[in-house]
Amino acid sequence: NLGSNPLLSYNTRPADYGFDVGSGNKATCLNAMFQVSYELRENLFIESSLLLRNYKTKDAGEMNTTLVSLGIRLNMFKRDYDF
């Protein structure tokens, strides 16, 4: 009864009791990102990035993720800051 029937009591949900913040499996995670950007012409950029992720738990072991991206970015409008 997690909201599917408003006539049931909301005091009987099993997830409300016995769970505390931080009571799950311990994990360590490292996220690192390296980004390089070069302006070819005014407001036209070429960009490259590398994302590394390392996630370790006792139960699941170690999981590594690597993501490489390359792109072109065009800034279309001039930024005016009127303070």
Side-chain angles (χ1 to χ4, degrees):
N1 62 346
L2 297 173
S4 61
N5 187 349
L7 301 176
L8 294 176
S9 172
Y10 59 85
N11 291 325
T12 59
R13 294 183 298 189
D16 283 346
Y17 307 101
F19 297 102
D20 296 323
V21 174
S23 67
N25 295 333
K26 301 268 184 213
T28 57
C29 184
L30 171 70
N31 284 315
M33 183 173 181
F34 179 72
Q35 184 172 3
V36 176
S37 182
Y38 179 75
E39 187 173 8
L40 296 171
R41 292 183 182 230
E42 185 177 356
N43 292 331
L44 180 64
F45 294 85
I46 185 167
E47 295 182 333
S48 177
S49 67
L50 172 67
L51 174 72
L52 302 171
R53 180 177 181 258
N54 181 311
Y55 188 80
K56 295 179 191 176
T57 62
K58 278 187 174 181
D59 298 336
E62 184 174 340
M63 294 175 279
N64 294 315
T65 304
T66 304
L67 178 68
V68 178
S69 67
L70 180 67
I72 296 175
R73 174 171 51 100
L74 176 65
N75 293 345
M76 296 182 66
F77 302 106
K78 181 181 174 188
R79 294 181 182 147
D80 288 331
Y81 297 107
D82 296 328
F83 294 97

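Note that the numbering runs from 1 along the sequence shown for the chain.
- For residues 30-43, the set of pairs meeting the salt bridge (Lys or Arg N to Asp or Glu O under 4.0 Å) definition, not counting sequence neighbours, is empty.
- Taking Ile, Leu, Val, Met, Phe, Trp and Tyr as members and joining any whose side-chain heavy atoms lie under 4.5 Å apart, directly or through other members, Phe45 forms no hydrophobic cluster with any other residue.
- For the atom pair CZ (Arg73) and CD1 (Ile46), the distance works out to 11.5 Å, reported to the nearest 0.5 Å.
- Listed by chain and number, the residues in a side chain to side chain donor-acceptor pair (under 3.5 Å) with Ser48 amount to none (sequence neighbours excluded).
- Within a 6.0 Å sphere centred on CD1 of Ile72, other residues, nucleotides and ligands contribute 12 heavy atoms or fewer.
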Under 3.5 Å, sequence neighbours excluded: what are the donor-acceptor pairs made by side chains of residues 24-37?
from: Asn25; atom 1: ND2; to: Asp59; atom 2: OD2; distance (Å): 2.9
from: Ser37; atom 1: OG; to: Glu47; atom 2: OE2; distance (Å): 3.4

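- Partners of Asn54 under the side chain to side chain donor-acceptor pair (under 3.5 Å) rule, at least two apart in sequence or in another chain, are Glu62, Asn64.
- Under the rule for a side chain to side chain donor-acceptor pair (under 3.5 Å), the partners of Ser69 that lie at least two apart in sequence or sit in another chain are Ser49.
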